[in-house]
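The figures here come from the full heavy-atom set of this structure, side chains too, leaving out hydrogens, waters and symmetry mates.
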Amino acid sequence: NEYVYDEKDFFFNCFPVKFTVRIRIELSDKGLSHKITLINQSDKMMPISIATHTTINAPFVDGAVQEDIRLKVPAVEHILFNKSKWLPTGKRAKLTDYDKKYINGTCPVLRDICNDMYSGGTLELDGKPFYGVYATDVATGKKVCYEVDDTMKFWIMWNDHGDKGYFCPEPMSWNIDAPNLSGAPEITGYTELAPGESKTVKERIFTMA
């Protein structure tokens with residue numbers, strides 16, 4: 001699919017920067033792949049942020065129960081929020097025992113997860129480095145794995161109180177409200193595309209027995 005944003009768009013007066021987005025979704029024996037390409041077709045620098053609001057069924061194994069699902073997330077630092085506005089304060093905190101359950105793979109998807117946001121690192125999967133998150137049904141050992149490329153520097157976890165039959169591991173290329181945060185782009189994730197420049201991000205969801 002392709003979306004062209006130009007003068008014909010209703011919002012162009014608010015953001016007068018021409019661009020094209022191309023999205024390719026492919027299902028194969030390697031899983032579900034997702035490829036996103038942004039192309040700056042203007043004569044201006046274009047701020048870009050890529051985020052995916054991914055939703056996964058819980059349980060994801062036939063005959064299983066949600067109580068048996070555990071999340072593993074490469075959390076490095078906890079991004080702190082002003083919870084009255086749900087915007088980052090610009091501060092980070094060391095991981096607590098609550099947060100470390102994501103690291104050690106013991107975080108249950110049934111607990112109330114409300115916008116737990118982290119800077120991301122790398123996990124290990126099947127003895128190899130893995131850049132992403134995965135969930136395990138501990139009763140069967142089956143996994144749903146969500147691999148992203150290293151453009152995605154942050155993760156937000158959410159499950160709408162944990163009683164809706166799904167959970168959402170959401171990768172992001174920059175911190176929420178990054179253009180208004182202080183700090184170097186290496187910290188906030190803030191990124192721009194030069195005129196004529198493009199950026200491609202790839203993701204893949206697959207299963208393991």
Side-chain angles (χ1 to χ4, degrees), residues 1-4 19-40 48-76 101-110 113 116-160 162 164-175 189 191 193 197-209:
N1 291 330
E2 181 176 279
Y3 170 70
V4 177
F19 64 87
T20 292
V21 181
R22 294 184 182 135
I23 298 176
R24 179 180 177 85
I25 298 173
E26 182 178 354
L27 182 62
S28 71
D29 58 0
K30 295 181 180 180
L32 180 70
S33 65
H34 188 201
K35 181 180 178 181
I36 306 167
T37 300
L38 294 174
I39 307 166
N40 182 359
I48 64 163
S49 173
I50 299 174
T52 308
H53 295 290
T54 306
T55 303
I56 299 175
N57 282 342
F60 52 81
V61 176
D62 289 341
V65 292
Q66 189 172 348
E67 288 85 348
D68 288 336
I69 301 175
R70 300 293 181 270
L71 276 170
K72 190 157 188 173
V73 180
V76 176
K101 289 185 177 181
Y102 285 118
I103 290 290
N104 60 31
T106 61
C107 176
V109 300
L110 269 183
I113 301 174
D116 290 346
M117 186 172 185
Y118 302 94
S119 57
T122 303
L123 297 177
E124 186 176 282
L125 179 65
D126 201 21
K128 300 176 182 178
F130 178 73
Y131 200 82
V133 304
Y134 60 85
T136 303
D137 179 86
V138 294
T140 63
K142 294 182 178 180
K143 293 179 173 63
V144 169
C145 309
Y146 184 19
E147 184 178 29
V148 299
D149 69 29
D150 60 8
T151 299
M152 302 305 208
K153 306 294 185 185
F154 303 91
W155 289 93
I156 280 188
M157 301 294 131
W158 185 76
N159 66 1
D160 196 11
K164 305 300 191 301
Y166 59 81
F167 60 97
C168 304
E170 304 179 356
M172 308 177 69
S173 65
W174 73 17
N175 196 352
T191 306
L193 284 183
E197 189 177 8
S198 66
K199 175 67 177 179
T200 296
V201 172
K202 298 179 181 178
E203 304 178 344
R204 181 169 67 107
I205 297 175
F206 60 97
T207 61
M208 294 181 65

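- Applying the salt bridge (charged side-chain N to carboxylate O under 4.0 Å, His left out) criterion to E147, with sequence neighbours excluded, gives R204.
- Residues passing the side chain to side chain donor-acceptor pair (under 3.5 Å) test with S49 are W174, sequence neighbours excluded.
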For residues 21-32, dump all side-chain donor-acceptor pairs below 3.5 Å to protein atoms at least two apart in sequence or in another chain.
residue : atom : partner : partner atom : Å
R22     : NE   : E2      : OE1          : 2.6
R22     : NH2  : E2      : OE1          : 3.4
S28     : OG   : K30     : N            : 3.1

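- When all heavy atoms of E124 and Y134 are compared, the closest pair comes out as O-OH, 3.6 Å.
- The two residues T37 and S198 have their closest heavy-atom pair at CG2-CB, 4.4 Å.
- The number of heavy-atom neighbours closer than 6.0 Å to CG of D62, taken from other residues, nucleotides and ligands shown, is 12 or below.
- Side chains of T191 and S173 form no contact here, defined as non-hydrogen atoms less than 4.5 Å apart.
- To the nearest 0.5 Å, atom OG1 of residue T52 and atom CE of residue M172 are 10.0 Å apart.
- By the salt bridge (charged side-chain N to carboxylate O under 4.0 Å, His left out) test, R70 pairs with no residue at all, sequence neighbours left out.
- Between W158 and Y166, the ring planes lie tilted relative to each other; the angle falls in the 30° to 60° range.
- Of the possible donor and acceptor atoms, none in the side chain of D68 sits under 3.5 Å from a partner among the backbone N and O of D137.
- A distance of 8.0 Å separates CG of N40 from CD of E197, quoted to the nearest 0.5 Å.
- The main-chain N or O of M157 is never found under 3.5 Å from a side-chain atom of Y118 such that the two would form a donor-acceptor pair.
- For D116, the side chain to side chain donor-acceptor pair (under 3.5 Å) partners at least two apart in sequence or on another chain are Y98, Y102.
- Closest heavy-atom contact between Y146 and I205: CD1-CG1, 3.5 Å.
- Taking all atoms of both residues into account, the shortest heavy-atom contact from P169 to I56 is CG-CD1, 4.0 Å.
- Distance check, rounded to the nearest 0.5 Å: CG of L71 to NZ of K101 gives 12.5 Å.
- How far CG of N159 is from SG of C168: 7.5 Å, rounded to the nearest 0.5 Å.
- Closest approach of W155 to G120, counting heavy atoms only: CD1-CA, 4.2 Å.
- Atoms CZ and OG1, on F167 and T55 in that order, are 9.5 Å from each other to the nearest 0.5 Å.
- Counted within 6.0 Å of NZ on K202, heavy atoms from surrounding residues, nucleotides or ligands total 12 or fewer; the atom is thus considered open.
- Atom-to-atom distance recorded for D126:CG and K143:NZ is 8.5 Å, nearest 0.5 angstrom.
- For the residue pair V148 and E203, the shortest heavy atom distance occurs at CG1-CG, 3.8 Å.
- The 12-atom threshold is exceeded at CG of D150, counting heavy atoms of other residues, nucleotides or ligands nearer than 6.0 Å.
- For residues 48-71, no pair satisfies ring pair (Phe, Tyr, Trp, His ring centres under 6.0 Å), with sequence neighbours left out.
- Between L125 and K72, every side-chain heavy-atom pair lies at or beyond the 4.5 Å cut-off.
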